[in-house]
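This report concerns only the one structure given below.
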Amino acid sequence: MGKDTIADIITSIRNADMDRKRVVRIASTNITENIVKILLREGFIENARKHRENSKSFLVLTLQHRRNRQKPYRKRNGLNLKRISRPGLRIYSNYQRIPRILGGMGVVILSTSRGIMTDREARLERIGGEILCYIW
């Protein structure tokens with residue numbers, strides 16, 4: 001059984017956000033770098049930089065600071081990430097059936113034949129793929 005790197009980074013970011021940590025460090029792979037680029041472009045994280053330590057690469061992410069949160073466990077105001085397709089159950093969708101999260105306010109990250117992209121980009125290019133995760 002292999003490691004699920006996407007679930008690992010989603011869990012790391014979610015836990016850091018719930019614990020109100022500003023910085024989180026995740027392993028750097030091609031998939032995680034593409035997902036982090038999408039998170040950065042969509043405004044869910046502030047900054048991302050690559051860090052090398054003992055021949056291993058890491059991504060150091062700076063999360064958005066939310067002042068209006070009162071408690072660390074309130075899911076409504078925090079960053080919400082949900083893994084959809086997993087190694088034991090792959091979920092695929094064509095471009096017409098890609099779900100809209102919160103009526104388009106959230107983001108669906110897909111792995112397509114043209115790379116990892118958001119639901120909006122996939123609909124514009126009219127291609128479907130594997131639904132990796134939801135972010136809202």
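This chain uses plain numbering: 1 for the first residue, then up along the sequence.
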What residues form a side chain to side chain contact (heavy atoms under 4.5 Å, CB included) with Ile6, not counting sequence neighbours?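 For Ile6, the residues satisfying side chain to side chain contact (heavy atoms under 4.5 Å, CB included) (neighbours in sequence not counted) are Asp4, Ile10, Ile31, Ile35, Arg83, Leu132.
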Results of side chain to side chain contact (heavy atoms under 4.5 Å, CB included) for Ile101 - residues two or more places apart only: Val108, Tyr134, Trp136
[atom2] on [Y] to [atom1] on [X], rounded to 0.5 Å:
X	Y	atom1	atom2	answer
Ile135	Leu102	CD1	CG	12.0 Å
Ser85	Leu110	OG	CG	10.0 Å
Thr11	Arg14	OG1	CZ	5.0 Å

To check you understand the geometry: which heavy-atom pair defines the closest contact between [X] and [Y], and what is its length?
X	Y	answer
Val36	Ala48	CG1-CB, 3.6 Å
Asp119	Pro99	OD2-O, 4.0 Å
Gly128	Thr112	O-CG2, 3.5 Å

Test of understanding: with side-chain hydrogen bond (donor to acceptor under 3.5 Å, both in side chains), list the residues that count as partners of [X], not counting sequence neighbours.
X	answer
Arg126	Tyr95
Ser28	Glu33
Thr32	Thr29

Please table the atom pairs, donor to acceptor, closer than 3.5 Å between any side-chain atom in residues 52-63 and protein atoms at least two apart or in another chain.
unit_1, atom_1, unit_2, atom_2, d
Arg52, NH1, Ser57, OG, 3.0
Glu53, OE1, Arg25, NH1, 3.4

Under the salt bridge (Lys or Arg N to Asp or Glu O under 4.0 Å) rule, what pairs show up with a residue in residues 100-117, not counting sequence neighbours? Arg114-Glu125
Could you list the cluster mates of Tyr92? Members are the ILVMFWY residues connected by side-chain heavy atoms closer than 4.5 Å, either directly or through other members.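 Via sub-4.5 Å side-chain contacts, Tyr92 links to none.
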Residues sharing Met117's hydrophobic cluster, by side-chain heavy-atom contacts under 4.5 Å among ILVMFWY, directly or via others?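 Ile127, all in the cluster of Met117.
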Check: Asp17 side chain, Leu79 main-chain N or O, donor-acceptor pair, under 3.5 Å: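 Confirmed, Asp17 side chain pairs with Leu79 backbone.
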Sub-3.5 Å donor-acceptor pair from the side chain of Arg123 to the main-chain atoms of Ile98, do we have one? yes
Exercise answer: donor-acceptor pairs, residues 37-44 side-chain atoms, under 3.5 Å, sequence neighbours excluded:
unit_1, atom_1, unit_2, atom_2, d
Arg41, NH2, Glu121, OE2, 2.9
Glu42, OE1, Arg120, NH1, 3.2
Glu42, OE2, Arg120, NH1, 3.4

Only counting residues at least two apart or in another chain, list the ones meeting salt bridge (Lys or Arg N to Asp or Glu O under 4.0 Å) with Arg90. Glu130
